[in-house]
Amino acid sequence: QVQLVESGGGLVQAGGSLRLSCTASGRTFSSYSVGWLRQAPGKEREFVASIRWTGSSTYYADSVKGRFTISKDNAKNTVYLQMNGLKPEDTAVYYCAGRLRYYTEEKTYDYWGQGTQVTVSS
């Protein structure tokens, strides 16, 4: 089993930056891809960004393109989400998740972290 642990969330003013980290433990992080998803209160969970574990192809939701950057460090079994230009509407619990194979549904993942809160004040 792979366990994912997120860190780096917190409270930031609009326009500020945060970097989230997701570290895998328990087994080699041999995912097809790793993604970040978020869920705001009263809303459905939504896809934010993902990165292929082999190679470096990345994918972003339109709402975060140009502001967020996903990256990884294979040696450290860690995936990062650099968030710049944060807006109040980015406030949510951010989850790291891993896929063992491709799914057409962008929110389908095989295992999940516990989530980290990001709050952006106006």
Side-chain angles (χ1 to χ4, degrees):
Q1 282 288 62
V2 178
Q3 291 83 42
L4 303 179
V5 178
E6 302 101 330
S7 62
L11 173 64
V12 64
Q13 288 189 333
S17 299
L18 284 173
R19 189 177 81 156
L20 305 182
S21 299
C22 171
T23 300
S25 62
R27 211 182 75 177
T28 303
F29 207 176
S30 56
S31 290
Y32 171 83
S33 67
V34 178
W36 287 96
L37 299 93
R38 66 187 182 186
Q39 187 165 21
K43 294 188 177 181
E44 290 190 358
R45 191 171 295 183
E46 64 174 353
F47 169 80
V48 175
S50 66
I51 186 166
R52 289 283 303 274
W53 195 245
T54 302
S56 295
S57 296
T58 57
Y59 308 89
Y60 296 93
D62 288 342
S63 59
V64 306
K65 279 181 183 176
R67 300 188 298 123
F68 291 10
T69 303
I70 189 170
S71 62
K72 62 185 175 71
D73 185 331
N74 292 56
K76 295 183 178 179
N77 272 351
T78 299
V79 173
Y80 305 98
L81 185 68
Q82 178 67 44
M83 304 185 294
N84 299 328
L86 283 161
K87 305 175 181 180
E89 51 263 44
D90 294 317
T91 296
V93 176
Y94 283 71
Y95 297 91
C96 174
R99 281 181 164 183
L100 298 176
R101 63 177 179 88
Y102 174 75
Y103 296 99
T104 55
E105 164 51 52
E106 66 179 7
K107 293 184 288 186
T108 299
Y109 282 78
D110 295 296
Y111 50 92
W112 296 78
Q114 81 289 350
T116 185
Q117 178 70 47
V118 171
T119 302
V120 184
S121 63
S122 57

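Under the 4.5 Å side-chain heavy-atom criterion for ILVMFWY residues, no single connected hydrophobic cluster contains both F47 and Y94. Taking hydrophobic clusters as Ile, Leu, Val, Met, Phe, Trp and Tyr residues chained together by side-chain heavy-atom distances below 4.5 Å, V5 does not share a cluster with W112. Under the 4.5 Å side-chain heavy-atom criterion for grouping Ile, Leu, Val, Met, Phe, Trp and Tyr, V48 is connected to V120 within one hydrophobic cluster.
Remark: side-chain polar atoms of K87 are not paired, donor with acceptor, to backbone N or O of A14 under 3.5 angstrom. Without hydrogens or angle criteria, R45 side chain to Q39 main chain gives no donor-acceptor distance under 3.5 Å.
Annotation for Y59 and S57: closest pair OH-CB, 3.7 Å, computed over non-hydrogen atoms. Nearest heavy atom pair, residue Y60 against residue A49, reads CD2-CB, 3.6 Å. Between Y95 and E6 the shortest heavy-atom distance is CA-OE2, 3.4 Å. Residues G98 and L4 come closest through the heavy atom pair N-CD1, 3.9 Å. Heavy atoms only, all atoms of each residue included: Q117 and A92 are closest at NE2-O, 3.4 Å.
One side chain, T78 or T23, offers a donor N or O that lies under 3.5 Å from an acceptor on the other. No side-chain donor-acceptor contact under 3.5 Å links Y32 and D110.
Note: K72 NZ to I51 CD1 = 5.5 Å, rounded to the nearest 0.5 Å. Once rounded to the nearest 0.5 Å, the distance linking CE of M83 with OG1 of T69 reads 11.0 Å. Here the straight-line distance linking atom CH2 of W36 with atom OG of S50 works out to 12.5 Å at 0.5 Å rounding. Between atom CG of residue L81 and atom SG of residue C96 there is a gap of 9.5 Å, rounded to the nearest 0.5 Å. One distance of note links OG1 of T58 with CZ of F68; it measures 14.0 Å at 0.5 Å rounding. Interatomic distance, CG of N74 versus OG1 of T54, reported as 7.5 Å (0.5 Å rounding).
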Report task. Show the numbers, then the answer: is there a side chain to side chain contact (heavy atoms under 4.5 Å, CB included) between Y109 and L37? Result -> CA-CA 10 Å; Y109 282 78; L37 299 93; 3.7 Å; yes
Query - Step-by-step side chain to side chain contact (heavy atoms under 4.5 Å, CB included) determination, L86 to L18 - result: CA-CA 8 Å; L86 283 161; L18 284 173; 4.2 Å; yes
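Enclosure of atom NZ in K107 by more than 12 non-hydrogen atoms of other residues, nucleotides or ligands within 6.0 angstrom is indicated. Atom CD of E44 has 12 or fewer heavy atoms from other residues, nucleotides or ligands within 6.0 Å.
At a threshold of 4.5 Å between non-hydrogen side-chain atoms, the residues L20 and T116 count as touching. Considering only heavy atoms from C-beta on, I70 comes within 4.5 Å of V79 through its side chain.
For the pair R99 and W53, the cation-pi criterion (under 6.0 Å, within 45° of the ring axis) is not fulfilled.
Salt-bridge formation is detected for the pair R38/D90: a Lys NZ or Arg NE/NH1/NH2 atom is positioned less than 4.0 Å from an Asp or Glu carboxylate oxygen.
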